[in-house]
Amino acid sequence: NRRLAEAALLIYGDYEGDDSPEFVCAVLDSNGGSIEKDVLCFYEGDTLYERLPDAEREDYILAGWYYADGKEVGEKDTIDEDITLSARWFKDINLPFVDVAPDSWYYGYVGDLYSEGIVDGMTPDTFEPAGSVTYGQALKLILLSSGVEPNDTRIAGNHWAQPYMDIAIDEGIITEDFCKDLNAAISRKQIALLASKALGLTDKSGKSPFVDTDDLNVMALYNAGIVEGTTESDGLTYYYPDSSITRAEITTIIWRIMNY
């Protein structure tokens, strides 16, 4: 990488690229934003997150810094080799929802999807972030964000989400026994099945980072940087496969699918 070679030459006088083994560099792509430095150098094993800059971009909010494989840089991540990171952005908009505070962790996800017409509120001024997501809602959101759109229009008397269920079955994404009630709350394990199949993810390798599941569809989403689980006070990371998923939580999945 040209920028990494330039950094080694400037800082260490390293013309060959092999005279500075104790140091590694991160090249930063602000992706339309502005930053003071686009190359940062570290000792091997240094914590990465705390030194990353707060990039700025007019009318946008920084969503985070991301690796080339699509995973977001975490607070405890360390750097052991030269890497390239890219900034991702949320649109900076004024949401009409009184229950989505600007300092909530999901504000940017909701705002970005709302601005694109992908999610809406349960009422004109409430989003109900803690509300459970139904099978019907999950089918529509995940299929559309994955580029799968139903061909049939809604048939009178059928559930509004039935065309999404039908196209998912026709495309081989799910089987007919996937859902018996489109109004029922969908589990996080079923979300993983639906999303991984809709995206056609095949990399299910590696040891599960989650103490409560080794499900292959969850692993596929983890490897793609679409789910990351919850690290609790015991230091362990959980996926909670049998729990329902909230409206706030699914916005992160949909946003990451669309940026995959």
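None of the values given here were measured: they were computed from a predicted structure.
In terms of modelled atom types and a separation under 3.5 Å, the side chain of Asn31 and the main chain of Ala87 share a donor-acceptor contact. Remark: the backbone N or O of Phe210 is paired with a side-chain donor or acceptor of Ser208 at under 3.5 angstrom. Checking side-chain atoms of Gln137 against main-chain N and O of Thr134 turns up a donor-acceptor pair under 3.5 Å.
By the 30° and 60° cut-offs, the orientation of the rings of Tyr66 relative to Trp255 is tilted. Ring-plane geometry between Phe97 and Phe127 is classed as tilted, the angle between the planes lying from 30 to 60 degrees on a 0 to 90 degree scale.
In terms of heavy-atom proximity, Ile93 sits nearest to Gly111 at CD1-O, 3.3 Å. Minimum interatomic distance between Thr47 and Glu75 (heavy atoms only, all atoms of both residues): CG2-O, 3.7 Å. A pairwise comparison of heavy atoms in Leu28 and Pro53 identifies CD1-CD, 3.6 Å as the closest pair. The nearest pair of heavy atoms linking Glu81 to Ile79 is O-CG1, 3.3 Å. Here the shortest heavy-atom pairing between Tyr49 and Gly74 reads CB-O, 3.3 Å. Considering every non-hydrogen atom in both Gly136 and Ala161, the closest pair reads CA-CB, 3.6 Å.
Side-chain contact between Asn183 and Tyr135 is absent, with no heavy atoms from C-beta onward closer than 4.5 Å. For the pair Asp77/Trp65, no side-chain contact is recorded, criterion being any heavy-atom separation below 4.5 Å from C-beta on. Annotation: side chain of Asp29 is not in contact with side chain of Val27 (no heavy-atom distance under 4.5 Å). Taking 4.5 Å as the limit, some side-chain heavy atom of Ile257 sits within range of a side-chain heavy atom of Leu199. For the pair Val227/Ile253, a side-chain contact is recorded, criterion being any heavy-atom separation below 4.5 Å from C-beta on. Contact of the Arg247 side chain with the Thr251 side chain is not registered, since no non-hydrogen atoms from C-beta on lie closer than 4.5 Å. Side-chain contact between Thr246 and Pro129 is absent, with no heavy-atom pair separated by less than 4.5 Å. Annotation: side chain of Leu40 is in contact with side chain of Leu52 (closest heavy-atom distance under 4.5 Å).
By the 6.0 Å contact criterion, OH on Tyr67 is enclosed, its count of non-hydrogen atoms from other residues, nucleotides or ligands being greater than 12. Crowding of Asp69 atom CG: a count of heavy atoms from other residues, nucleotides or ligands under 6.0 Å exceeding 12. Atom NZ of Lys204 sits in a crowded spot, with more than 12 heavy atoms from other residues, nucleotides or ligands closer than 6.0 Å. For Tyr222, the OH atom sits in a loose shell: 12 or fewer heavy atoms of surrounding residues, nucleotides or ligands are nearer than 6.0 Å. Under a cut-off of 6.0 angstrom, the local environment of CG in Asp125 is crowded, with over 12 non-hydrogen atoms contributed by other residues, nucleotides or ligands.
Test Tyr60, Trp105, Tyr106, Tyr109 against Phe90 for ring-ring contact (aromatic ring centres under 6.0 Å, His included) and you get one pass: Tyr109. With Pro150 as the fixed residue, the side-chain contact (heavy atoms from CB on, under 4.5 Å) test singles out one of Leu143, Ile167, Leu139: Ile167.
Taken from CZ in Arg51 to CG in Asp46, the straight-line distance is 7.0 Å, to the nearest 0.5 Å. Between the CD1 atom in Ile245 and the CD atom in Gln190 there is a gap of 12.0 Å [rounded to 0.5 Å]. Going from atom CG of Leu216 over to atom OG of Ser205 covers 10.0 Å, rounded to the nearest 0.5 Å. Distance check, rounded to the nearest 0.5 Å: OG1 of Thr252 to CZ of Arg256 gives 4.5 Å. Remark: Asp38 CG to Cys25 SG distance equals 11.0 Å, nearest 0.5 Å. Within the model, atoms OG of Ser115 and CG of Asn94 stand 12.0 Å from one another, a figure rounded to the nearest 0.5 Å.
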List the steps and the verdict of side-chain contact (heavy atoms from CB on, under 4.5 Å) for Arg188 and Glu249. CA-CA 10 Å; Arg188 296 168 62 86; Glu249 290 168 340; 3.3 Å; yes
Should Thr213 and Lys189 be marked as a side-chain contact (heavy atoms from CB on, under 4.5 Å) after you check the CA-CA gap, both sets of side-chain angles, and the distance that decides it? CA-CA 9 Å; Thr213 185; Lys189 183 176 181 179; 6.0 Å; no
Pair Ser187-Asp242, side-chain contact (heavy atoms from CB on, under 4.5 Å): steps then yes or no: CA-CA 5 Å; Ser187 71; Asp242 298 321; 5.7 Å; no
Please assess Val119 against Leu141 for the test side-chain contact (heavy atoms from CB on, under 4.5 Å), listing each intermediate value before the final yes or no. CA-CA 8 Å; Val119 299; Leu141 289 170; 4.0 Å; yes
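Under the side-chain contact (heavy atoms from CB on, under 4.5 Å) criterion, Ala138 pairs with Val133, Ile186, Ile191, Leu194, Ile250, not counting sequence neighbours.
Linking ILVMFWY residues whenever their side-chain heavy atoms come closer than 4.5 Å, directly or via other members, leaves Met219 and Val211 in distinct clusters. Cluster membership check: Met122 does not share its hydrophobic cluster with Val98, using side-chain heavy-atom separations under 4.5 Å among Ile, Leu, Val, Met, Phe, Trp and Tyr. Placement of Ile169 and Leu144 within a single hydrophobic cluster is found when ILVMFWY residues are connected by side-chain heavy-atom separations under 4.5 Å, directly or transitively.
Annotation: side-chain hydrogen bond (donor to acceptor under 3.5 Å, both in side chains) contacts involving residues 230-239, sequence neighbours excluded, comprise Thr231-Thr237, Glu232-Tyr240, Asp234-Tyr238.
Under 4.0 Å is where a charged nitrogen must lie from a carboxylate oxygen, and between Lys91 and Glu116 at least one such pair does.
Donor-acceptor pairing under 3.5 Å is recorded for the side chains of Asn217 and Ser196.
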